[in-house]
Amino acid sequence: MQIKWQTGFIIGLLISFYFGGLSQNIDSLEHLFSNAEKDDRVEIGHQLIEHLLASDRLKAKQYHELTFEVARISQHYLTRAKAYFYANYFIRNEEEIDYEKGMSYLHTAQSIIEKEKQSQFDKEDIKLLLGILNSKGAIYYNTGKLEEAVPLYIQALEYAEQIDHTARIASINYNMGLIHYVQDNYPEAIRKLEWTYEYAKDHDIGNIQAGCLSMLGSTLKHLDSLNKARYYISEAIQLATKENYEQMLHESLIGMGLVMEDLGHLDSAIHYLRLSLAEVEPGENPLLEAQQFLNLARIHNKLGEVDNARTYFRKFREVNDALNRTELEYQYHADMAALHALENNYQKAYELMSHGYYALDSFSSEENKKIVMDLERQYETLQKEKLIAEQSAQLERTTQQRNRWITLGLSLLLISMLGYVVFQQRDQKKHLEIQIRDNQIMQLQQDNKILGLSSIIEGQEAERIRIAKDLHDGLGSILSSVKAHYGKVKDQIKVIKEEHLFDRADAMIDEAVDEVRRISQNMMPPVLMTSGLVEAVRSYLENEAFSHQLELSIDIRNIAEDIDENKALFIYRIIQELTNNVIKHADAKEIQLQMLGLEEQVQIIYEDDGKGFDYHPNSSTGVGLRSIRSRVDYLEGELDVITNPGEGATFEITIPIQEGKI
């Protein structure tokens, strides 16, 4: 069982430490601190703490210890409140965070302000109050008391909007998205995280952008939209790497590893999880280390690499014995039970699952209940067989004659059971053979369908190329020669008064040459052969957008230059057909194209803001959409159409690019 709280817990804790809008750098503040008078050192120390919380917590704690005793007895209420507020961040012992003590500090800080100002708060009061409320919400969130966290976040958000504190607005909305996530309210989580991402992007709050991308990926993973999940987490990794957000990079690598596990790419999953461990120093974050050791052990177990699995289980034990995390203890026992079950050691597996049950106190997961019930039945079967064997031995010692009858009866029973089992196996084998044969027939039919479709489309493209060459090399050359001869005649016959007839003929020949060139390029664009797919698509869309006065947005990344010419032509035709449909039918003002090259596929997202249409996947559609679908099918890709009347249209196309594919 993977602990879903893990992602939200760590990122939520990280975001709750975020501060923005600080102007002085750390070096200058440290210099001022060392030379300041006693009273001034407190305020400078608090500024240093704010700067250092996100980068060097050890040094931040040192400055806190230097200022706390002086600050908490200060005559200024805000200084006293800040002393207790910052004390909340430094109540960690070697095993876990003392949330109860942290909440006590926060209550004290809040009561100091409210008692002094009686709700007549200025900007500095509100800034500190919203930090206090946000931290309280984070504590309730991290301890699972979501219903108590929400009103605190809402009140903090009101304060943040009063003083336009953009960093806090972003972080609180992000935390609200996490709450929807852990409550399995995935549509609302996606809505909140997407809004927060755009807000953070507009206000250049990079770490929250990365957090939103990572959490969007984790949410989509739970909705089984694994390719989209991988895309969002990949974007989070790129942003975290670029901006050096070490903690967020670590979290995103974990998310990518778990997505790869669900996709069945277990070697890649191990790669990303090991990278995430490399991003932190040993012992720096024992909770994450423990979770990663369990993840790696589980995946090695799936690969059948029992020795590697046991190695990571042992590392987990070394870390979690100090942490004493109940939910991780349960996950450990569940994964170890799976390992022993794989080795047919059902008794040991049952004992481990039972121990994990009492460690967790209760099972809320139906999946885990089923595992326990299965293991319990297997364990009881072994116990019954053992009891039968002992009773048989006792009966044999009591009377030989009776034992012979029992043996005979048991033998007949076993023979009957064996005959029944053999019959069942033969029947199952027969059904399996029929199913395999039916699948082979279906596969052959599908292959024949694709082969026929391939021949038709390849014939169409070959004919296009032939006609384009004939137009360009044949008719185009003839028209050019006719124009040259007309020029000579025109120069020699100066006496003809109605010379405008030649001008008209010249214009018509020019028009014919241009039309031949346009038809030839439409059928086989030269830029596709000379400059490749990316430039061909960009050139085509820019020309069409200019000609039809359309707003255009293009985002093309990671497309290989050596992509197969046939595949490139098909992708170009798909985009060409999509654009023709928009121009002819959609009445759109804007089109957007996103084309991304991922590890094993090309992902195309084509959007317009037109009038949309009533789309039903299984009903007959227009010629243009059928042409697009036939090309996608030929490339063994996938096409999703998202549209409704009056709402524009989005076409999501995924095309595989593995070795061996066209």
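Since we're looking at a predicted model, the values are computed, not measured. Numbers here simply count residues along the sequence, with the first being 1.
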Under a plain distance cut-off of 3.5 Å, with no hydrogens placed, do [Y] and [X] share a side-chain donor-acceptor pair?
{"X": "Lys123", "Y": "Gln162", "result": "no"}
{"X": "Tyr174", "Y": "Lys192", "result": "no"}
{"X": "Asn88", "Y": "Tyr86", "result": "no"}
{"X": "Tyr199", "Y": "Glu194", "result": "no"}

Taking the side chain from [X] and the backbone from [Y], do they hold a donor-acceptor pair closer than 3.5 Å?
{"X": "Tyr153", "Y": "Ala138", "value": "yes"}
{"X": "Thr241", "Y": "Ile237", "value": "yes"}
{"X": "Ser225", "Y": "Leu220", "value": "no"}
{"X": "Asn173", "Y": "Ile169", "value": "yes"}
{"X": "His250", "Y": "Ser276", "value": "yes"}
{"X": "Ser234", "Y": "Arg230", "value": "no"}

Assess whether side-chain contact (heavy atoms from CB on, under 4.5 Å) is satisfied between Tyr606 and Gln594, documenting all intermediate values. CA-CA 6 Å; Tyr606 189 102; Gln594 186 180 55; over 6 Å; no
Can you sort out the partners of [X] under salt bridge (Lys or Arg N to Asp or Glu O under 4.0 Å), two or more places apart, ordered by chain and number?
{"X": "Asp224", "result": "none"}
{"X": "Lys228", "result": "Glu652"}
{"X": "Lys242", "result": "none"}

Quick one: side chain to side chain donor-acceptor pair (under 3.5 Å) partners of Glu590, sequence neighbours excluded?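 If we apply the side chain to side chain donor-acceptor pair (under 3.5 Å) test to Glu590, skipping adjacent residues, the hits are Gln592.
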Partners meeting side chain to side chain donor-acceptor pair (under 3.5 Å) with His300 (sequence neighbours left out): Arg274, Glu305
[X] to [Y] - nearest heavy-atom pair and separation:
{"X": "Gly217", "Y": "Ala229", "value": "O-CB, 3.1 Å"}
{"X": "Ala149", "Y": "Ile179", "value": "CB-CD1, 4.3 Å"}
{"X": "Ile205", "Y": "Ala170", "value": "CD1-CB, 3.8 Å"}
{"X": "Ala156", "Y": "Leu133", "value": "CB-CB, 3.7 Å"}
{"X": "Ala81", "Y": "Ala109", "value": "O-CB, 3.4 Å"}
{"X": "Ile208", "Y": "Ala167", "value": "CD1-O, 4.0 Å"}

Side chains of [X] and [Y]: does their closest heavy-atom pair fall under 4.5 Å?
{"X": "Leu273", "Y": "Leu253", "result": "no"}
{"X": "Asn134", "Y": "Asn175", "result": "yes"}
{"X": "Tyr245", "Y": "Ser252", "result": "no"}
{"X": "Phe85", "Y": "Tyr105", "result": "no"}
{"X": "Tyr84", "Y": "Ile112", "result": "yes"}
{"X": "Met595", "Y": "Asp555", "result": "no"}
{"X": "Leu258", "Y": "Asp262", "result": "no"}
{"X": "Lys115", "Y": "Tyr77", "result": "no"}

Within this structure, what is the [atom1]-[atom2] distance for the pair [X] and [Y], rounded to the nearest 0.5 Å?
{"X": "His180", "Y": "Asp184", "atom1": "NE2", "atom2": "CG", "value": "12.5 Å"}
{"X": "Asn308", "Y": "Thr311", "atom1": "CG", "atom2": "OG1", "value": "6.0 Å"}
{"X": "Asp267", "Y": "Met260", "atom1": "CG", "atom2": "CE", "value": "11.5 Å"}
{"X": "Gln209", "Y": "Met248", "atom1": "CD", "atom2": "CE", "value": "11.0 Å"}
{"X": "Tyr312", "Y": "Ile299", "atom1": "OH", "atom2": "CD1", "value": "10.0 Å"}
{"X": "Leu152", "Y": "Leu130", "atom1": "CG", "atom2": "CG", "value": "12.5 Å"}

Any carboxylate oxygen within less than 4.0 angstrom of a Lys/Arg side-chain nitrogen, looking at [X] and [Y]?
{"X": "Asp125", "Y": "Lys127", "result": "no"}
{"X": "Arg168", "Y": "Glu161", "result": "no"}
{"X": "Glu188", "Y": "Arg191", "result": "yes"}
{"X": "Asp608", "Y": "Lys589", "result": "no"}
{"X": "Arg298", "Y": "Glu261", "result": "yes"}

Taking ring pair (Phe, Tyr, Trp, His ring centres under 6.0 Å) as the definition, give me every residue that meets it alongside His76, ordered by chain and number, with sequence neighbours left out.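 For His76 there are no ring pair (Phe, Tyr, Trp, His ring centres under 6.0 Å) partners, ignoring immediate neighbours.
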Are Lys117 and Asp122 close enough, and set up right, to give a side-chain contact (heavy atoms from CB on, under 4.5 Å), and what steps lead you there? CA-CA 9 Å; Lys117 300 302 289 283; Asp122 59 25; 3.5 Å; yes
side-chain hydrogen bond (donor to acceptor under 3.5 Å, both in side chains), that's the test. Do Gln110 and Glu114 meet it? Break it down for me. CA-CA 6 Å; Gln110 184 174 353; Glu114 292 174 345; 2.9 Å; yes
Derivation and outcome, side-chain contact (heavy atoms from CB on, under 4.5 Å), residues Leu552 and Ile591: CA-CA 5 Å; Leu552 175 63; Ile591 56 176; 3.7 Å; yes
Would you say Glu198 has more than 12 foreign heavy atoms packed within less than 6.0 Å of its CD?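 Atom CD in Glu198 is crowded, with more than 12 foreign heavy atoms closer than 6.0 Å.
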Go through it in stages, so that I can follow the logic: the residues are His222 and Tyr181, the test is ring pair (Phe, Tyr, Trp, His ring centres under 6.0 Å), and I'd like the CA-CA distance, side-chain angles, deciding distance and then a yes or no. CA-CA 10 Å; His222 287 285; Tyr181 169 78; 5.5 Å; yes
Any chance the rings of Tyr159 and His165 have centres within less than 6.0 Å?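 No.
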Please walk me through it: do Lys221 and Leu226 pass side-chain contact (heavy atoms from CB on, under 4.5 Å)? CA-CA 5 Å; Lys221 172 184 177 293; Leu226 298 178; 4.2 Å; yes
